[in-house]
Amino acid sequence: MTAPRAAAPMLEAQHVSQRFVLPGGHDLEALRDINFPIYEREVVALVGPSGSGKSTLLRLLVGLTRPSAGAVLYRGAPLSGVLASSAMVFQSFALLPWLTVEQNVEMGLAAHGVAEGERRHAAAHAIEVVGLTGFESAYPRELSGGMKQRVGFARAFAVQPEILFMDEPFGALDALTAENLRAEVVKLWRDSATSVSSIVVVTHSIEEAVYLAERIVVFGTNPGHIREIVDNPLPYPRDARAPEFGAMVERLHAVLTDTLLPEPERAAAGAPGRLVPFPRVHVPEVMGLLDYLVRHSDHSAPVFDLAEQLGVDFDHMGAVVRAAEQLGWVTTPGEIARLTAAGESVVAQNASGRRDATRARIAEQSLFSRVLGMLREGEGSIDDDELLSDLTIHFPFSKAPALFRTVVEWGRYANLLDHDTRGKRLLLTES
């Protein structure tokens, strides 16, 4: 059962906002007015779309960066510098290849000024806790992905943290290894032999959030904000096959559907169209979605089922669906992706017909319409930097280089534009 919460939070974000200055002097508001307590003996998961500020908040809570407004409090006092009683586990393993397992685990202890003898003792204990005894002298290149991540956990446990922060810690692992490590983390957290009181994890996996966390914080975007906090009362250890687990997953699905696939805004009559970024997805992904939906008897499927069956995380699946929706090829009533008549027409076309249909639709999308207008005003070409600057100004919550590449890919496919890589110029190709 969920442990009773202390009267006061152990760590707390109070009215935290974070801004960054972009190239050109423009401000990016990454987080706005975050109020978020962390209590003793709990696991909290942060979920939500990419770019909603989850990892930014994690760095603020650790003390790696300072908020632009508001404060982070540790046991009631403002946090100054890095939180000494914390440790962090990253998705990318973050191991030094020229050091052994034992030496990598000792890194954090050395940074804390722990004497050599104590470091070795603490590292040996942490290595034993994560099940890597016998691999102390091995180098990262000799380890599997799961073993590398265990080294990351050992390095975190070695410093005996009170709070463990994890940023997509299982994202780079295969499904079976990730499942095994998730179970191990829960066991270690519940084990009184470890010092970890609370865990905060950033994840894109809904099932992972339900498996690990007692509170699930759902973030929205533009700027990053807390949309809803969902309590998860399921007792530990949790069985992903249990009906109660499935019901909790469905409950979180409903919250995330409203977050990731909101109903399209309707413009007022006579109002200018709002500039909307095109999702950072590839042409084959959208075409594959249409081909998949047309094989269903009613030409529709729940977005979460699509993500699971196609092996794509829900965040990205939502982006693919949004792209198809912007082109008028699917609609999303609730959490269902449904093929439209225009979408059915595209599926029935050959390769040339699909290209022509895309050309007609993409030219009407607000971002591409703007880019084509810039090209016409520039007599058929513009510098890469000009477009990148424009994208940064209008879409501060999107990564301009990635959005630039998306414009080039879809523009080339639709035969609307081309890109001169050497000359670093975008070229108009429409007739």
Side-chain angles (χ1 to χ4, degrees), residues 1-20 28-49 51-90 108 112 156-157 159-169 185-186 189-190 194-203 208-210 212-233 236 252 255 259:
M1 295 180 63
T2 302
R5 290 175 184 167
M10 178 167 53
L11 187 67
E12 184 176 15
Q14 288 189 345
H15 301 290
V16 164
S17 296
Q18 185 71 322
R19 291 178 175 272
F20 300 102
L28 166 63
E29 188 179 17
L31 292 170
R32 178 183 293 173
D33 197 28
I34 301 297
N35 292 286
F36 174 56
I38 301 167
Y39 297 92
E40 292 184 357
R41 302 306 308 163
E42 72 166 345
V43 181
V44 179
L46 312 183
V47 301
S52 57
K54 304 182 298 296
S55 295
T56 298
L57 178 59
L58 215 61
R59 290 193 292 272
L60 290 168
L61 293 171
V62 176
L64 294 174
T65 56
R66 295 176 63 84
S68 303
V72 175
L73 306 181
Y74 173 66
R75 299 198 180 279
L79 181 63
S80 177
V82 176
L83 182 60
S85 60
S86 70
M88 198 160 184
V89 177
F90 303 91
H112 281 79
F157 285 124
V159 299
Q160 298 187 344
E162 187 178 33
I163 307 178
L164 179 63
F165 295 95
M166 304 192 298
D167 194 357
E168 294 278 358
V185 167
V186 171
W189 169 66
R190 300 180 71 204
T194 64
S195 61
V196 177
S197 173
S198 298
I199 296 175
V200 182
V201 56
V202 170
T203 178
E208 184 170 284
V210 173
L212 291 172
E214 296 168 294
R215 283 194 300 145
I216 302 166
V217 184
V218 181
F219 278 72
T221 58
N222 300 333
H225 62 280
I226 294 177
R227 186 181 179 107
E228 188 168 341
I229 298 178
V230 179
D231 288 322
N232 181 7
Y236 293 103
L252 193 55
V255 176
T259 302

> Do Leu60 and Leu31 come within less than 4.5 Å of each other through their side chains, counting heavy atoms only?
Replying inline: yes
> Any donor and acceptor pair, going by atom type alone, linking the side chain of Glu214 with main-chain N or O of Asn232 inside 3.5 Å?
Replying inline: no
> For the residue pair Pro161 and Ser86, what are the closest heavy atoms and their distance?
Replying inline: CB-C, 3.8 Å
> Which atoms form the tightest heavy-atom contact between Val44 and Phe36, and what is the distance?
Replying inline: CG1-CZ, 3.5 Å
>> Whether the side chain of Gln18 engages the backbone of Arg66 through a donor-acceptor N/O pair (distance < 3.5 Å, no angle test) should be reported.
In response: yes
> Testing Val200, Ile199, Val43 for side-chain contact (heavy atoms from CB on, under 4.5 Å) with Leu164, which one passes?
Replying inline: Ile199
> Pairs in or reaching into residues 70-80: which pass salt bridge (Lys or Arg N to Asp or Glu O under 4.0 Å), with residues at least two apart or in two chains?
Replying inline: Glu40-Arg75, Arg75-Glu162
> Taking the side chain as C-beta and beyond, is there a heavy-atom pair between Leu64 and Phe165 under 4.5 Å?
Replying inline: no
>> Let's go through Phe20 and Thr56 carefully: what are the C-alpha distance in whole Å and the side-chain angles of both, what is the deciding distance for side-chain contact (heavy atoms from CB on, under 4.5 Å) to 0.1 Å, and is it a yes or a no?
In response: CA-CA 11 Å; Phe20 300 102; Thr56 298; 4.1 Å; yes
> Which heavy atom of Val255 sits nearest a heavy atom of Val218, and at what distance?
Replying inline: CG1-CG2, 3.8 Å
>> Is there a side-chain contact between Ile38 and Pro9 in this structure, where contact means two heavy atoms from C-beta onward sitting under 4.5 Å apart?
In response: no
>> For Gln14, is there any backbone N or O sitting under 3.5 Å from a side-chain donor or acceptor partner on Asn35?
In response: no
> To the nearest 0.5 Å, what is the distance between CD1 (Ile229) and CD1 (Ile216)?
Replying inline: 11.0 Å
> In Å, rounded to the nearest 0.5 Å, how long is the span from CD of Glu168 to NZ of Lys54?
Replying inline: 7.0 Å
> Glu12: what forms a salt bridge (charged side-chain N to carboxylate O under 4.0 Å, His left out) with it, not counting sequence neighbours?
Replying inline: none
> Any side-chain donor paired with an acceptor under 3.5 Å for Thr203 and Glu208?
Replying inline: yes
>> Testing the basics here: between Leu61 and Ala13, what is the closest heavy-atom pair and its distance to 0.1 Å?
In response: CD2-CB, 4.3 Å
>> Distance check, rounded to the nearest 0.5 Å: Leu57 atom CG versus Asp167 atom CG?
In response: 11.0 Å
> CD1/Ile226 to CZ/Arg32 distance, rounded to the nearest 0.5 angstrom?
Replying inline: 14.0 Å
> Between Tyr74 and Ser85, what is the shortest heavy-atom contact and its length?
Replying inline: OH-OG, 3.4 Å
>> Once rounded to the nearest 0.5 Å, what's the spacing between atom CG of Leu79 and atom CG of Leu11?
In response: 7.0 Å
> Minimum heavy-atom separation for Met10 to Ser197, with atom names?
Replying inline: CE-OG, 4.2 Å
> Side chain of Ser17, backbone of Asp33: donor and acceptor closer than 3.5 Å?
Replying inline: yes
>> Using side-chain heavy atoms (C-beta onward) and a distance below 4.5 Å, is Phe219 in contact with Ile34?
In response: yes
> Quick one: CG on Leu46 to CE on Met166, what's the gap to the nearest 0.5 Å?
Replying inline: 10.5 Å
